[in-house]
Participant: 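First, the structure itself, so that you have it in front of you.
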Amino acid sequence: MINLLKKLFGIGSSVDFATLIKDGALIIDVRSPSEYKQDHIKGSKNIPLNELTNHISKIKKDTPIITCCASGMRSASAKGILKSNNFTAVYNGGGWLNLQNKIYKP
């Protein structure tokens with residue numbers, strides 16, 4: 001069941017998020033501005049999910065993108081929106097705190 005959920009939401013341990021970041025990936029945090037202000041991954045860009053389609057033209061299609069949110073639900077939707085707009089290197093990072101721990105491993 002967990003593997004099915006990971007597959008549906010595009011979350012998997014096969015993605016090396018730290019390397020993607022080192023190679024210039026952009027983290028898009030799709031939580032609300034108030035959620036983002038409480039805490040977020042340094043260097044991430046806050047584009048709330050309900051505003052993502054309005055910002056598509058401002059995002060470079062040749063840059064790898066990692067989406068994140070609070071739990072992985074909105075970031076999965078964001079990944080789908082970006083993929084449907086011809087972005088090819090899009091990864092669902094899931095919850096921002098979990099993603100942060102994967103990027104900045106001790």
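None of the values given here were measured: they were computed from a predicted structure.
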Participant: Applying the 4.5 Å side-chain criterion to the ILVMFWY set and letting contacts propagate, would I103 and Y91 be lumped into a single cluster?
Facilitator: yes
Participant: Nearest 0.5 Å please: distance from the CD1 atom of I28 over to the CD1 atom of I41.
Facilitator: 12.5 Å
Participant: Quick one: pull up CD1 in I47 and OG1 in T53 and give me the separation to the nearest 0.5 Å.
Facilitator: 10.5 Å
Participant: Does K61 count as lying over the ring of F87, i.e. NZ or CZ under 6.0 Å from the six-ring centre, within 45 degrees of the axis?
Facilitator: yes
Participant: Please report the shortest heavy-atom distance between V30 and A78, naming the atom on each side.
Facilitator: CG1-CB, 3.6 Å
Participant: Looking at C68 and W96, what are the two nearest heavy atoms and their distance?
Facilitator: SG-CB, 3.8 Å
Participant: Hydrophobic cluster membership, with links at side-chain heavy-atom distances under 4.5 Å among I/L/V/M/F/W/Y: are M73 and V90 in one?
Facilitator: no
Participant: Closest heavy-atom contact between D16 and T19?
Facilitator: OD2-OG1, 2.6 Å
Participant: With sequence neighbours excluded, give me every ring-ring contact (aromatic ring centres under 6.0 Å, His included) pair touching residues 43-84.
Facilitator: none
Participant: Do L97 and L49 belong together in a cluster built from hydrophobic side chains that touch within less than 4.5 Å?
Facilitator: no
Participant: How many angstroms lie between atom CD1 of I81 and atom CD1 of I56, to the nearest 0.5 angstrom?
Facilitator: 7.0 Å
Participant: State the CG-CG distance between L20 and L26, to the nearest 0.5 angstrom.
Facilitator: 11.5 Å
Participant: Between S75 and N92, what is the shortest heavy-atom contact and its length?
Facilitator: OG-OD1, 2.5 Å
Participant: How many angstroms lie between CG in L52 and CD1 in I59, if you round to the nearest 0.5 Å?
Facilitator: 5.5 Å
Participant: Sequence neighbours left out, what pairs pass side-chain hydrogen bond (donor to acceptor under 3.5 Å, both in side chains) with at least one residue falling in residues 31-49?
Facilitator: D29-R31, S32-S34, S32-E35, E35-R74, Y36-S44
Participant: With rounding to the nearest 0.5 Å, note down the distance linking CG in N101 to CZ in F17.
Facilitator: 12.5 Å
